[in-house]
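What follows is a set of notes on a single structure, which appears directly below.
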Amino acid sequence: MTSIFDQFEQTSQRNPSPSVMTRAPILPELSASDYVNIALQEEKPMFTKQKVNFLPTKRITHMAVCNELVVIVMANTTLLYKSLKDPDNPKEKDLTKDIMQARLGRIFLDVSGNHLLLSLLPRLPNGEHELLYFNLISSENKSPSRLQLKNTEVTAIAWCHKSRPNQLVNSGPILLGSSLGVIYEADLNASSDTFRNAYLAQSNFDRKELFDIGKGTTTVITSIEYHQLPSSDTYFVFVSTYSKFYQFVGSVSSQDKKPFLKNVFNNYLTKPEICYPVSEPAVYSQLQFYYPAPGLAPKSFAWLTSAGIYYGQLDSTISDDACVIESAQLLELPDPNSQPISFAITQFHALLLYSDHVTGISLLNGKLVFENYYNEAHGKLVSINKDPVTGTVWVVAAKAVFRYKIVKEDRNVWEIYLEKGQYELAKQYCKDNPIYLDQVLVKQAEKYFETEDYVNSALLYADTQSSFEEIALKFLQIWELNGLKLFLRKKLEKLNPKQPQDKTQITMISIWMFELFLNQSGNLRLDGKDNTVEYRELQEEFENFKRIPQVVECIRANFSTIEELIASHGDKENLIRLTIENKNFEKVIRQQIMKGNYEDALTTLMNQSNRDLFYPFMPVILEAIPRQAIQILIRESKNLDPVKLLPAFVASNIDENHAVEIMRYLETCCPFNQNQSLHNYLLSLYARYNETKLMKYIDIQGQEISMVNYDVRYALTLCQQHKLTKACVKLSALLGLWESAVDLALTVSIDLAKETAALPPHSSLELRKKLWLKIAEHIISKNNDIKEAMEFLKECDLIKIEDILPFFSDFDTIDHFRDAICDSLQKYNEHIKDIKEDIESATKSANIIRGEIASFRNRYTIIKVSDVCDLCNIQLMLRSFYTFPCGHRFHSACLTKELLPLLEPQKRFELQEKQKQFAVLTSSNRDDSISVNSTTLSPIDKVKSEIDSILAYECFFCGDLFINLIDKPFIEDDDFERVMKEWA
């Protein structure tokens, strides 16, 4: 139950700063934001005091807290220590015998909460200073270790913050600061409860010092701390006195060498140490550090002096001998006339302890955050302590102990950084609050705008909720188009084209951006700067803008509007680019042709994917640049239909140069295309411009009229028009007009006529003879040269001397033909002799065959009842069968079944038809038997004989058919999948 004093105490708490309450934005002028800042409920105070359920038996004089271990010393010299992890089991120890005639000066508790040192001051002038050491973890109730110090008081201790394997019994290296300004190093060991250090002996204590800050003068050390920088062997030591603050930085080469931190101080034996003096000595001086997490190096520090609080950040990335302090500043005390007696720091605040109240100030701007007055019934406030491990703040009064609960300490840090102009830090501490973040961005954008950094200003304005029209007008008023474009672009990128409410804004901003780009590029062209770097950069920026997905969607939806806009500016380049980007290639090519840019039109035609556009535009392009056009057509021959290009070839104004290029294209595609129109056109070009290629083409096509790809009659007519006699000869021969072909050939040369006469097939002897006689008649009638006629007879075997005699004159004597006539008669005699020999040979063969037939009539084969079919292994005589001289026997049905699939298609069909006929004849009742005197077979026997001639032509196993099956697969391709499924 809350006491009346506590209730009064709560009402006495004052919060002079509204920072702990929810309030309106600090920037009321930014009314254009879309956010509405409404406080739904009062926020909890940042620092809330809670009284600990503890009633001391006597006045509290000292307190220390570390690692959730609270140590309290009361006026009756009772030592009370309690772990917050086990609050129900506090421990007490009476220090009366240990302190005796001394008085307690200060208490020091290490970071782990295991080791406790008490500094004892003599009551008599000549008394000795002492240190008492307690190990608070030890379960044994031993007397503390005692160390007497000569003429000096231990006023400060720097504990080892580095975790150690044996930290329960070993403190690690510690630094002792004395009232004489001397720094010592020691090491505590709970196993022997003594100071285990050769450098801190019972006698001659002042000879083992590490460093003397006072340089022989009495200088009280009020605080001392040392820490290791992360991931290095560099250490720094902070020391404070009533008038100065010292910094020592150095590396430690060996972890085992004692004294451990000697090298750090040795660096300053020959050079002055880094110190920060104050204007006048302080009544109270103390160092405090803020640790972001247990075990980590401190992030910031604060030094309390009479002039104020010297606060700064610590740089953990420095090298040897560098200063670890950065961004340090002196913060004034809230009341210069009142000095605090103690203080503690959190991440962003300092809590100052006075005799009757606690004051909180911001470490960032020094402003007062809260004041908390305590009831007099609790007595005067003794000390304020912060647990470096848990971060809990404790305040101890003479008769009570309090604990502060810290809630959202960084809630207003963003505002402070914003006021100081540290915008990045302000964003960091907005805690994802869009209202605060928006205010920071607006303020930063205005700052950039004031300093004429319009690019960054535009980028930030685009991320705020400020009025779109207001920001756009700000840039327009100073005619800052680059900043305006950047602002519009960023706003555009944030819109979603799939949302209906955003489509209108996307269209508006995109069209406006197009207008801005076109105006800028148009002005540069008017100034003659269209070949400058500035123009190229602007054009590149324009191209990048058009690639934004929102802009692409806008162009697709409003293409005609944007096209008209660009056309109104007379920007042909961008108009062509726009049509290309939107794949309106037909329009692009048409515009390029109208401008006479045929090569550009051809390039566009080649780069686009719609190959159908080649056909309508190729006539114009081919006529203008035939060589380049044909080169592209050859390259794209696989994707184009040459037949569809024929109109382009025919429509172009043909001259020899064009014809050569067209022939070059047709020569590449005609070997792979049998279209007659294509070949007819190629032949017409040959006939007109190149007879040599024409003759070669006709020869390649061959002399089989059914295999040529051109219209032979059309070709003959064409060659007749161009008087190409040789071609006419070949074409006439191809048409079978042999006599006309020979007649035409004779007008050219005798050799051509001979070649033509040799072309008819050898079976047409009469025709060939007739053609050769034409040639002979021409030779004799034209030259009347008997010798030449005789030579001609030797070249052709079809005509004889008697065939050509009628062509000679009646006045020619027989003496000229004597040799030819004798040769002819000799050949006749040889031919008659050969015929006689053939007749004799045929007679002998006939006699042999008659003998064999007679012998076969007496040949027989014995069939046993036990014989089986070699295919089905069933008794042979149960069905009709075939037997072969080799000994193999087969049922007719079995042989038919096995042989039928192996026969050639024609034979298979013939066998099936004969079997059908046989079945029909055997089912009829007609008497087809042979009469006694008849020499012919009945129809049924005739069909049976034909079936036997197919089935019994040869043995199925021994004949050629079975041998030819050696390379045939066991499973046909058509049956493979079925067989595999059956086997699966």
Side-chain angles (χ1 to χ4, degrees), residues 108 110-112 115 117 131 133 147 149 152 154-167 170-189 195-201 204-215 219-241 244-275 287 289 291 295-298 301 303 314-316 318-325 388:
F108 307 98
D110 84 314
V111 179
S112 64
H115 309 281
L117 286 175
L131 277 179
Y133 168 58
L147 176 65
L149 305 174
T152 184
V154 175
T155 55
I157 293 182
W159 297 99
C160 178
H161 287 258
K162 188 177 180 181
S163 61
R164 305 169 302 285
N166 57 345
Q167 63 182 7
N170 193 321
S171 66
I174 63 173
L175 297 179
L176 307 177
S178 70
S179 58
L180 299 178
V182 182
I183 301 173
Y184 305 92
E185 183 179 317
D187 190 2
L188 301 178
N189 187 1
F195 284 89
R196 208 170 38 83
N197 186 8
Y199 311 105
L200 187 60
N204 299 324
F205 177 73
D206 53 346
R207 296 179 186 177
K208 306 301 180 182
E209 64 190 41
L210 293 182
F211 197 79
D212 184 1
I213 289 179
K215 301 294 191 295
T219 303
V220 179
I221 296 176
T222 60
S223 297
I224 184 170
E225 285 273 356
Y226 81 90
H227 293 279
Q228 182 182 7
L229 295 179
S231 304
S232 71
D233 58 357
T234 302
Y235 286 77
F236 68 89
V237 181
F238 281 3
V239 181
S240 68
T241 66
K244 293 182 180 179
F245 164 65
Y246 298 86
Q247 175 192 185
F248 302 91
V249 182
S251 60
V252 176
S253 58
S254 174
Q255 302 287 334
D256 301 326
K257 188 177 180 181
K258 304 296 182 180
F260 178 67
L261 297 170
K262 184 177 181 181
N263 287 341
V264 177
F265 294 96
N266 285 346
N267 294 335
Y268 297 92
L269 295 177
T270 57
K271 67 177 182 179
E273 61 273 6
I274 303 173
C275 67
L287 269 176
F289 291 83
Y291 301 90
L296 298 181
F301 80 100
W303 175 39
L314 299 178
D315 184 7
S316 60
I318 58 108
S319 58
D320 292 349
D321 301 334
C323 181
V324 296
I325 299 174

**Message:** Please confirm whether the ring centroid of Tyr291 lies under 6.0 Å from the ring centroid of His161.
**Reply:** yes

**Message:** Any non-hydrogen side-chain atom of Gln247 less than 4.5 Å from a side-chain atom of Val237?
**Reply:** no

**Request:** Please list, chain by chain and in numerical order, all residues satisfying side chain to side chain contact (heavy atoms under 4.5 Å, CB included) with Pro230, sequence neighbours excluded.
**Result:** Ala297, Ser316

**Message:** Classify the ring geometry of Phe248 against Phe211: parallel below 30°, tilted from 30° to 60°, perpendicular beyond 60°.
**Reply:** perpendicular

**Message:** Is the distance between the ring centroids of Phe236 and His227 under 6.0 Å?
**Reply:** yes

**Message:** Is it true that Thr219 and Thr241 share a donor-acceptor pair across their side chains at a distance under 3.5 Å?
**Reply:** no

**Request:** Assess whether side-chain contact (heavy atoms from CB on, under 4.5 Å) is satisfied between Trp159 and Ser112, documenting all intermediate values.
**Result:** CA-CA 9 Å; Trp159 297 99; Ser112 64; over 6 Å; no

**Request:** Please check if the side chain of Ser223 supplies one atom and the backbone of Ser240 the other of a donor-acceptor pair under 3.5 Å.
**Result:** no

**Asked** Between Phe238 and Phe301, what is the ring plane arrangement, given parallel below 30°, perpendicular above 60°, and tilted in between?
**Response** perpendicular

**Prompt:** Residues two or more places apart in sequence or in another chain: which of them pass side chain to side chain contact (heavy atoms under 4.5 Å, CB included) with Val220?
**Reply:** Thr155, Ser179, Tyr242

**Asked** Is a donor on one side and an acceptor on the other found under 3.5 Å between the side chain of Glu185 and the backbone of Leu176?
**Response** no

**Asked** Got a salt bridge between Glu273 and Lys244, using NZ or NE/NH1/NH2 to carboxylate O under 4.0 Å?
**Response** no

